[in-house]
Amino acid sequence: MEQQTPERREADRLQQRADELKAKAEQMSERSSGMYGRFAGGQPLLVGHHSYRSAVRDRDRADNATRRAIEARQVADRAQAKANKARAAADLADVTASRTQPWQRSDFRPGDVVTVRTFHTCTDTYRVKRVNAKTLTLEGPGGGYDDPKREYDRVLSRTRDGVTVTSPTE
């Protein structure tokens with residue numbers, strides 16, 4: 001059985017929570033839709049009729065249930081976005097954990113194309129401008145002062161002569 005990293009367990013937990021919230025929101029939506037059954041024929045509320053007060057009360061209940069269903073859907077969508085972000089972080093952690101040794105200065109040359117982790121879950125692709133002792137200087141959007149530097153442990157893959165490697169031992 002494959003070892004699960006803490007990041008992967010957290011991503012799985014958040015995905016399970018998002019699925020539960022989505023199911024609950026769907027159930028609330030179906031229930032609120034059913035509450036409008038009295039008004040399905042298009043009969044307007046008849047002011048002064050003996051059924052007016054109960055019809056208004058039923059409509060208000062259905063409207064409130066619909067609002068709650070919409071809010072539950074929004075909560076489920078936020079939970080899904082959080083789960084997606086956690087899954088992306090777990091995928092990056094898996095790539096880093098699968099390495100047998102860390103990247104070193106000798107693994108890079110100017111002109112290599114590297115994919116680096118820029119934030120917790122974001123990646124960008126750059127061309128190596130200079131190989132430094134602890135970092136890579138990458139060709140940035142403006143060149144010169146704007147060139148970003150990234151530590152070797154942020155490198156996810158290197159492409160040289162059309163061959164992409166994700167671990168320094170490859």
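As the structure is a prediction and not an experimental result, all values here were calculated from the model.
- Looking at residues two or more places apart in sequence or on another chain, you find a salt bridge (Lys or Arg N to Asp or Glu O under 4.0 Å) between Arg13 and Glu10.
- Residues satisfying the side chain to side chain contact (heavy atoms under 4.5 Å, CB included) test with Asp153, not counting sequence neighbours, are Glu151.
- Hydrophobic cluster membership for Tyr52: Tyr36, Phe39, Leu45, Val47, Val56 (Ile, Leu, Val, Met, Phe, Trp, Tyr linked by side-chain heavy atoms under 4.5 Å, directly or transitively).
- In this view, His49 and Leu46, Ser51 satisfy the side chain to side chain contact (heavy atoms under 4.5 Å, CB included) rule, not counting sequence neighbours.
- Every pair tested for salt bridge (charged side-chain N to carboxylate O under 4.0 Å, His left out) that includes a residue from residues 116-128 fails, sequence neighbours excluded, so the list is empty.
- Residues passing the salt bridge (Lys or Arg N to Asp or Glu O under 4.0 Å) test with Arg67, sequence neighbours excluded: none.
- Screening residues 69-81 for side chain to side chain donor-acceptor pair (under 3.5 Å) gives Gln15-Gln80, Glu26-Arg73, Gln80-Asn84 as the qualifying pairs, with residues at least two apart or on separate chains.
- Hydrophobic cluster membership of Leu21, counting Ile, Leu, Val, Met, Phe, Trp and Tyr whose side-chain heavy atoms lie under 4.5 Å apart directly or via other members: Val75.
- Every residue two or more places apart in sequence or in another chain that forms a salt bridge (Lys or Arg N to Asp or Glu O under 4.0 Å) with Asp112 is listed here: Arg160.
- In this structure Tyr152 satisfies the ring-ring contact (aromatic ring centres under 6.0 Å, His included) test together with Phe108, sequence neighbours excluded.
- Remark: Asp91 engages Arg8 in a salt bridge (Lys or Arg N to Asp or Glu O under 4.0 Å) (not counting sequence neighbours).
- Applying the under-4.5 Å side-chain rule to Ile, Leu, Val, Met, Phe, Trp and Tyr, the cluster around Leu14 consists of that residue alone.
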